[in-house]
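Lettering of chains follows the sequences in order, A, B, ..., and the numbering in each one begins at 1. Please read these numbers as outputs of a predicted model, since none were measured by experiment. These numbers come from the heavy atoms of this one structure, side chains and all, not from hydrogens, waters or symmetry mates.
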Number of protein chains: 2
Amino acid sequence: MRRDIFQAIADPTRRAIITLIAIQAMTPNAIADNFNMTRQAVSKHLRILTECELIKQEHQGREIYYSLEIEKMKEIDKWLNQFREIWEINFNQLDIVLSTIKKNKK
Amino acid sequence: MRRDIFQAIADPTRRAIITLIAIQAMTPNAIADNFNMTRQAVSKHLRILTECELIKQEHQGREIYYSLEIEKMKEIDKWLNQFREIWEINFNQLDIVLSTIKKNKK
DNA sequence: TATATTTGCAACCAAAAGGTTTCATATTAT
DNA sequence: ATAATATGAAACCTTTTGGTTGCAAATATA
């Protein structure tokens, strides 16, 4: 069982669940209504998301409300940080190219 | 074959490859040297990354240099955008809490 | 108390993933 | 021309994934 955050968001159903409960906490039944699969299949996805702490539960009687653990989402952002520098470089290079074009126009 | 960007970065080896070639373009052999698996296994990962256009090839004689397609990486960032608003809200709420504590101290 | 509802868990199954070995092809070097 | 090198592709195998159905437990309702 690898069960890291990148593996968690690899599945399109799980990404949809994340987006769904980002707005507001929902019960498994309510979540499952949005998908074309059994409640149990959705439940398995919720289990995986819970295991890697991307979502959290709140028990209320016999119902369980699932909501997004937004802090964990930032880990993906953190991983992307190492590439932002490259984006910036590319942007700056584009900037140089653009100003060169400008100069030549004059 | 799903082969989308989220499925591509789900595998730790592929994430490592991405990080490796982000710095500079590399040949499959050079890339494979960094992993404890056969060259062919690495080659399969390169194929998957190529198929979803996360990396690009540059042929040079019998060698092929693989490099990162940085623009594609931004798609992950774009997906994260829908959650940034929530981060901000949380941050602002924390701000309110902090200023309330400050006020009560006085 | 008996029944309905909400949920999770286990057993099972087909398909996909990730590795291996073997082989074919193209380019370079002798 | 022959041999070596760099690479990709195919066949194969094991494990993981993502779904199913059936069942058990806890809570709410009649």
Round to the nearest Å and state the distance from [X] atom [atom1] to [N] atom [atom2].
{"X": "A/Gln60", "N": "C/dT6", "atom1": "CD", "atom2": "C1'", "answer": "13 Å"}
{"X": "A/Asn29", "N": "D/dT27", "atom1": "CG", "atom2": "P", "answer": "17 Å"}
{"X": "A/Glu51", "N": "D/dG18", "atom1": "CD", "atom2": "C1'", "answer": "14 Å"}
{"X": "B/Leu49", "N": "C/dA17", "atom1": "CG", "atom2": "P", "answer": "13 Å"}
{"X": "B/Ile64", "N": "D/dA6", "atom1": "CD1", "atom2": "P", "answer": "12 Å"}
{"X": "A/Gln7", "N": "C/dA16", "atom1": "CD", "atom2": "C1'", "answer": "13 Å"}
{"X": "A/Phe6", "N": "D/dT16", "atom1": "CZ", "atom2": "P", "answer": "21 Å"}
{"X": "B/Met37", "N": "C/dG18", "atom1": "CE", "atom2": "C1'", "answer": "8 Å"}

>> Pair B/Phe6, A/Asp11 - check side-chain contact (heavy atoms from CB on, under 4.5 Å), show working.
In response: CA-CA 8 Å; B/Phe6 293 99; A/Asp11 184 83; over 6 Å; no

> What is the minimum heavy-atom distance between A/Leu54 and A/Ala8, and which atoms define it?
Replying inline: CD1-CB, 3.9 Å

>> Restricting to non-hydrogen atoms, name the atom on A/Arg39 and the atom on A/Ala32 that form the minimum distance, rounded to 0.1 Å.
In response: CA-CB, 3.9 Å

OP1 or OP2 of [N] versus the side-chain N and O atoms of [X]: is any pair under 4.0 Å?
{"X": "A/Thr38", "N": "D/dT20", "result": "yes"}
{"X": "B/His59", "N": "D/dA6", "result": "no"}
{"X": "A/Ser43", "N": "C/dG8", "result": "yes"}
{"X": "B/Arg3", "N": "C/dA16", "result": "no"}

> When you check the gap from the basic side-chain N to the acidic O, do B/Asp77 and A/Arg84 get nearer than 4.0 Å?
Replying inline: yes

> Any ion pair linking A/Glu75 and A/Lys72 (charged N to carboxylate O, less than 4.0 Å)?
Replying inline: yes

For the side chain of [X], starting at C-beta, report the closest nucleotide among [options].
{"X": "B/His45", "options": "D/dT7, C/dG18, C/dT7", "result": "C/dG18"}
{"X": "B/Arg39", "options": "C/dG18, D/dG8, C/dT20", "result": "D/dG8"}
{"X": "A/Ala41", "options": "D/dT7, D/dG19, C/dT7", "result": "D/dG19"}

> Considering residues, nucleotides and ligands other than A/Asn81, do more than 12 of their heavy atoms fall under 6.0 Å from its CG?
Replying inline: yes

> Mapping A/Gly61 and B/Tyr66 to their closest nucleotides on DNA chain D, which lands nearer the 5' end?
Replying inline: B/Tyr66

> Between A/Ile48 and A/Glu63, which is nearer to the 5' end of DNA chain D once each is assigned its nearest nucleotide?
Replying inline: A/Ile48

> Less than 3.5 Å between a donor and an acceptor, one on the side chain of B/Arg62 and one on the base of D/dG8, is that the case here?
Replying inline: no

> Could a donor-acceptor pair under 3.5 angstrom be found where the side chain of A/Arg14 meets the base of D/dG18?
Replying inline: no

>> Applying side-chain contact (heavy atoms from CB on, under 4.5 Å) to A/Lys56 and A/Thr50, what does each step give before you reach the verdict?
In response: CA-CA 6 Å; A/Lys56 55 176 184 281; A/Thr50 304; over 6 Å; no

>> Using side chain to side chain donor-acceptor pair (under 3.5 Å), reason through A/Glu58 and A/Tyr65 one step at a time and then give a plain yes or no.
In response: CA-CA 5 Å; A/Glu58 198 183 322; A/Tyr65 283 86; over 6 Å; no

> Quick one: what's the B/S/- string for nucleotides 10-15 of chain C, heavy-atom cutoff under 4.0 Å, read 5' to 3'?
Replying inline: ------

